[in-house]
Amino acid sequence: MSADTTTAATPVRPESAGKTPGGSPGGRHLGLALFVIAAAQLMVVLDATITNIALPSIQTDLAVSDGNLAWIVNAYALAFGGLLLLGGRAGDLFGRRRMFRTGIAVFTVASVLGGLAPGEGLLIGARVLQGVGAATAAPSALALITTTFPAGKARNTAMGVYAAMGGVGATVGLLLGGTLTDVLDWRWVFFVNIPIGLAVLAGTRTLVEAGRSPGRLDTPGAITGTGGLIALVYGITRGGDHGWADGLTLGSFAAAAVLLVTFLLVQARAGHPMLPLRLFRDRNRWGSYATMLCIGAGMFATFYFLTLYMQLILGYTPVRTGFAYLPFSFGVAMAAGVSSKLVAHLAPRLIAGPGLAVAAAGMVWFSTLEPDSSYTGHLMPAMFVTALGLGMGFVPMTLGAVSGVRHEDTGIASALLNTAQQVGGALGLAVMSTLSTSAAADRLPGAAAALYRGLATKDAALVARAGDALTHGYTRAFASAAVMFLAGLAVTAIAINARKQQHSEHAEDAGAVHMG
């Protein structure tokens, strides 16, 4: 175990660990606490995908321009990914339960504004505000697991549920987005967050707050770090839409490089850094971050291209598309449950490594799709295999990101994990969109436009040619996702050398903190 695992705060006696702030045994409330954290994580993750299927209805109802339509999705990703580090550090300094409540409240209010939005300006603004709320709540949610759940079986189970929400939330978002749009109205993809948010806020009393970290907010670090991440995510997003040689894309990457290098220099000299560089001394921790970046890159791009394949090539409705993802949700939940038990007995690389290999095999299976492939014979089993592999990878990587960290660093350590997944997702989608578009154009330039033209004119031959070209592009993206999962497997094999105790017994070091 690395030198940075020593807890700086005063440890409590074992019998007091896991108690609620009021002093009653925490075990009575652990089920409700797990529901609160899981519901919050589900809400935050599903909002990254729930609007995707509703976009055509939103565009028609609000007369959103083609250029601004993508920002209904990108605005959330930009604010979420760019502000995660700041949100994580704020939780460490000002109280994780307090920041968790604040983030959920902001997210809920933003959902009301989004659902009531009369035009694209307020809707995009509401999406930015949702991203701010998510970035404030998400890091504290993971950090609160270490203060609320005692080390061992209870904490491993909670981590398993939390990790599963990363995959389940995305698919639930697609399912809810299609159902609510078709049955009710697109505005309900925002209104659905209101009862969830209120329920989470009501249940936060069951979460155990730890003592706040000493120090103050590192303002230069906050400015350079947040600015650098926003520039990076924007550059990646714009590169996928406008090309990697675009002037603004290159300018964004240059700004990100300058700001992030400055950020690291500031952190190395700061007395109270926003991102303590000691977090990266532990190879298992930075290996977990790097692996989660690879997982995010492959997973979010997979959702995007599978949705296009099912709707454009197979002709699925939004509701049918959402229900088609159910095997993925089941697979992730099942595998996460199993891996949360295995972490007490096996080294993390022996769980995550085979899982990522299985996920890569699922993506290779997807790469063999044809325009007339069947759901039950091809899509469903490939989806379930991929989900099983990812579910096995989520739990040990989530535990690895926060295991053994100092009490005052749990919020920022959690934020780094979320940042890695968000940046990876943006990068994977942008790069694979470029590869997919290029591969489709090799067979038929302007394949997507040709498909719509063929459908409008009932030109079956043109529809068939366009469908073949688009499917060829999608399969190239799936093959690239397999490479990303294999890259995560390589990182796991090289960097992660922890024994099982670091994720179970030694996790108690991170949990034995002074309860404030």
Side-chain angles (χ1 to χ4, degrees), residues 49 52-53 56 167 170-171 173-175 177-178 297-332 334-335 357-391 428-429 432-455 458-486:
T49 58
N52 287 0
I53 294 180
T171 58
L174 294 168
L175 174 59
M299 186 178 72
F300 287 109
T302 298
F303 288 138
Y304 178 78
F305 290 108
L306 269 182
T307 299
L308 290 178
Y309 174 80
M310 286 189 282
Q311 292 197 10
L312 296 182
I313 308 303
L314 299 183
Y316 285 11
T317 63
V319 172
R320 187 177 180 186
T321 300
F323 276 100
Y325 276 109
L326 285 178
F328 192 95
S329 296
F330 291 142
V332 167
M334 182 186 304
V358 170
M363 298 314 300
V364 171
W365 199 346
F366 276 128
S367 72
T368 63
L369 283 171
E370 299 288 344
D372 58 351
S373 294
S374 71
Y375 176 75
T376 54
H378 201 149
L379 271 177
M380 184 174 69
M383 195 180 296
F384 189 70
V385 167
T386 303
L388 286 177
L390 291 177
L429 181 55
M432 291 177 205
S433 291
T434 302
L435 294 174
S436 177
T437 300
S438 176
D442 288 342
R443 293 198 175 184
L444 180 64
L451 178 67
Y452 288 120
R453 188 167 62 252
L455 291 172
K458 298 182 180 180
D459 185 341
L462 181 58
V463 169
R465 287 181 59 209
D468 176 72
L470 288 172
T471 302
H472 177 65
Y474 301 154
T475 58
R476 290 298 175 271
F478 295 139
S480 301
V483 173
M484 293 307 304
F485 292 149
L486 291 175

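These figures come from a predicted structure and were not determined experimentally. Just so you know, residue 1 is the first one in the sequence shown, and it goes up from there.
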### L306 side, atom CG; F328 side, atom CZ - distance, nearest 0.5 Å
9.0 Å

### Message
For a quick test of reading the model, state the closest non-hydrogen atom pair linking L444 to A450 and the distance between them.
### Response
CD2-CB, 3.9 Å

### Query
Heavy atoms, side chains only, cut-off 4.5 Å: are P381 and Y375 in contact?
no

### Query
Do the non-hydrogen side-chain atoms of F478 and M432 ever get within less than 4.5 Å of each other?
no

### Query
Can you tell me how far CG of L462 sits from OH of Y452, rounded to the nearest 0.5 angstrom?
13.5 Å

### Message
Could you go through L470 and L308, starting from their C-alpha distance and side-chain angles, then the distance that decides it, and tell me whether this counts as side chain to side chain contact (heavy atoms under 4.5 Å, CB included)?
### Response
CA-CA 9 Å; L470 288 172; L308 290 178; over 6 Å; no

### Query
If you look at every heavy atom in A482 and V364, which pair is closest and at what distance?
CB-CG2, 4.0 Å

### Message
Could you tell me if the side chain of T368 sits less than 4.5 Å from the side chain of T475, heavy atoms only?
### Response
no

### Message
Looking at every heavy atom in both A447 and A469, which two are closest together, and how far apart are they?
### Response
CB-CB, 3.9 Å

### Task
Mind listing the closest non-hydrogen atom pair of M310 and A324 along with its distance?
SD-CB, 3.6 Å

### Task
Could you give me the CA-CA distance, side-chain angles and deciding distance for H378 and F366, then say whether side chain to side chain contact (heavy atoms under 4.5 Å, CB included) is met?
CA-CA 8 Å; H378 201 149; F366 276 128; 5.5 Å; no

### Task
Determine the interplanar angle of the Y474 and Y309 rings, folded into 0 to 90°, and report it as parallel if under 30°, tilted if 30 to 60°, perpendicular if over 60°.
perpendicular

### Query
Should the pair R320 and F323 be classed as cation-pi, given the thresholds of under 6.0 Å to the six-membered ring centre and 45° from the axis?
no

### Query
Which pair of heavy atoms, one from A439 and one from G473, lies closest together, and at what distance?
CB-CA, 3.9 Å

### Query
Can M334 and F384 be said to form a side chain to side chain contact (heavy atoms under 4.5 Å, CB included), step by step?
CA-CA 10 Å; M334 182 186 304; F384 189 70; 4.1 Å; yes

### Message
Keeping S480 on the side-chain end and R476 on the backbone end, is there a donor-acceptor pair under 3.5 Å?
### Response
yes

### Query
Salt bridge or not for R443 and D468, using N-O below 4.0 Å?
yes

### Query
Where do G467 and P371 come nearest, in terms of heavy atoms and distance?
O-CG, 4.1 Å

### Side-chain touch T302/M363, heavy atoms, less than 4.5 angstrom
yes

### Message
Within the 4.5 Å heavy-atom criterion, are L369 and L379 side-chain neighbours or not?
### Response
yes

### Query
Is it the case that H472 and S436 place a side-chain donor and acceptor less than 3.5 Å from each other?
no

### Task
Would you please say whether a donor-acceptor pair under 3.5 Å links the side chains of Y325 and T307?
yes

